[in-house]
Amino acid sequence: MSKAKFGMYWASSCGGCEISVLNIGDKILTVDEVFEVVFWPCIADFKYEEVRNYPDGYIDLCLFNGAIRNSENEEMAHLLRQKSKILVAFGSCAYEGCIPALSNLTIGQMNGAY
Ligand code: SF4
């Protein structure tokens, strides 16, 4: 039986979301029994080009952590949405901006928007 395909990506992130997954300790071996990791730049040398070459919906479950702060983050969000059956906004940075979003307030203040 083939394994479900798993991906995880960090956009503008502190790395804590990645640590929270790895902190499951030896249960990571169970994850390995169920999933084939096909993209996870934090733990191995995956290339964006590999993801671009995957068929749409190739990744069964992708955890996207970190906020969108630059064009690379935005491109990867669109790409992983296209390549994943289920894309999860994982962690508060991904779903509400969290700490990285505070810099938008600072930039707004610097530009006189506030
Ligand atoms: S939600 Fe954001 S601040 Fe919290 S651990 Fe994840 S990346 Fe870090």
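Atoms within each ligand, like the ligands themselves, are counted from 1 in listed order. Along the sequence shown, residues carry numbers from 1.
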Chemist: Which residue is it: Q82, K85, R81? I am looking for the one with a side-chain hydrogen bond (donor to acceptor under 3.5 Å, both in side chains) to D56.
Modeler: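 For D56, the side-chain hydrogen bond (donor to acceptor under 3.5 Å, both in side chains) check succeeds only for Q82.
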Chemist: Answer yes or no on whether K5 is positioned over the face of F35, meaning its NZ or CZ is under 6.0 Å from the six-membered ring centre and within 45° of the axis.
Modeler: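 No, K5 does not sit over the ring of F35.
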Chemist: Would you mind listing which atoms of ligand 1 come within a distance below 4.0 Å of any non-hydrogen atom of S92?
Modeler: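 So the atoms of ligand 1 that pass are 1 (S).
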Chemist: Quick one: pull up CG in L80 and CD in E75 and give me the separation to the nearest 0.5 Å.
Modeler: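 Here the interatomic distance stands at 10.0 Å.
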Chemist: Atoms of ligand 1 less than 4.0 Å from C14 heavy atoms?
Modeler: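 Contacts of ligand 1 toward C14, numbered from 1: 3 (S), 5 (S), 7 (S), 8 (Fe).
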Chemist: With respect to atom 5 (S) of ligand 1, which of C17, A94, A67 exhibits the smallest heavy-atom separation?
Modeler: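 Comparing heavy atoms across C17, A94, A67, the nearest one to atom 5 (S) of ligand 1 lies in C17.
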Chemist: Near atom 8 (Fe) of ligand 1, is there an N/O/S atom from C93 that is less than 2.8 Å away?
Modeler: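 No, since none of the N, O or S atoms of C93 sits under 2.8 Å from atom 8 (Fe) of ligand 1.
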Chemist: Got a salt bridge between E49 and R52, using NZ or NE/NH1/NH2 to carboxylate O under 4.0 Å?
Modeler: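 Salt bridge flag = yes for R52 with E49.
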Chemist: Pull out every atom of ligand 1 sitting under 4.0 Å from any heavy atom of S13, numbered as shown with elements.
Modeler: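 Within the 4.0 Å cut-off of S13, ligand 1 contributes 7 (S).
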Chemist: Is there a donor-acceptor contact under 3.5 Å linking the side chains of N65 and S13?
Modeler: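 Yes.
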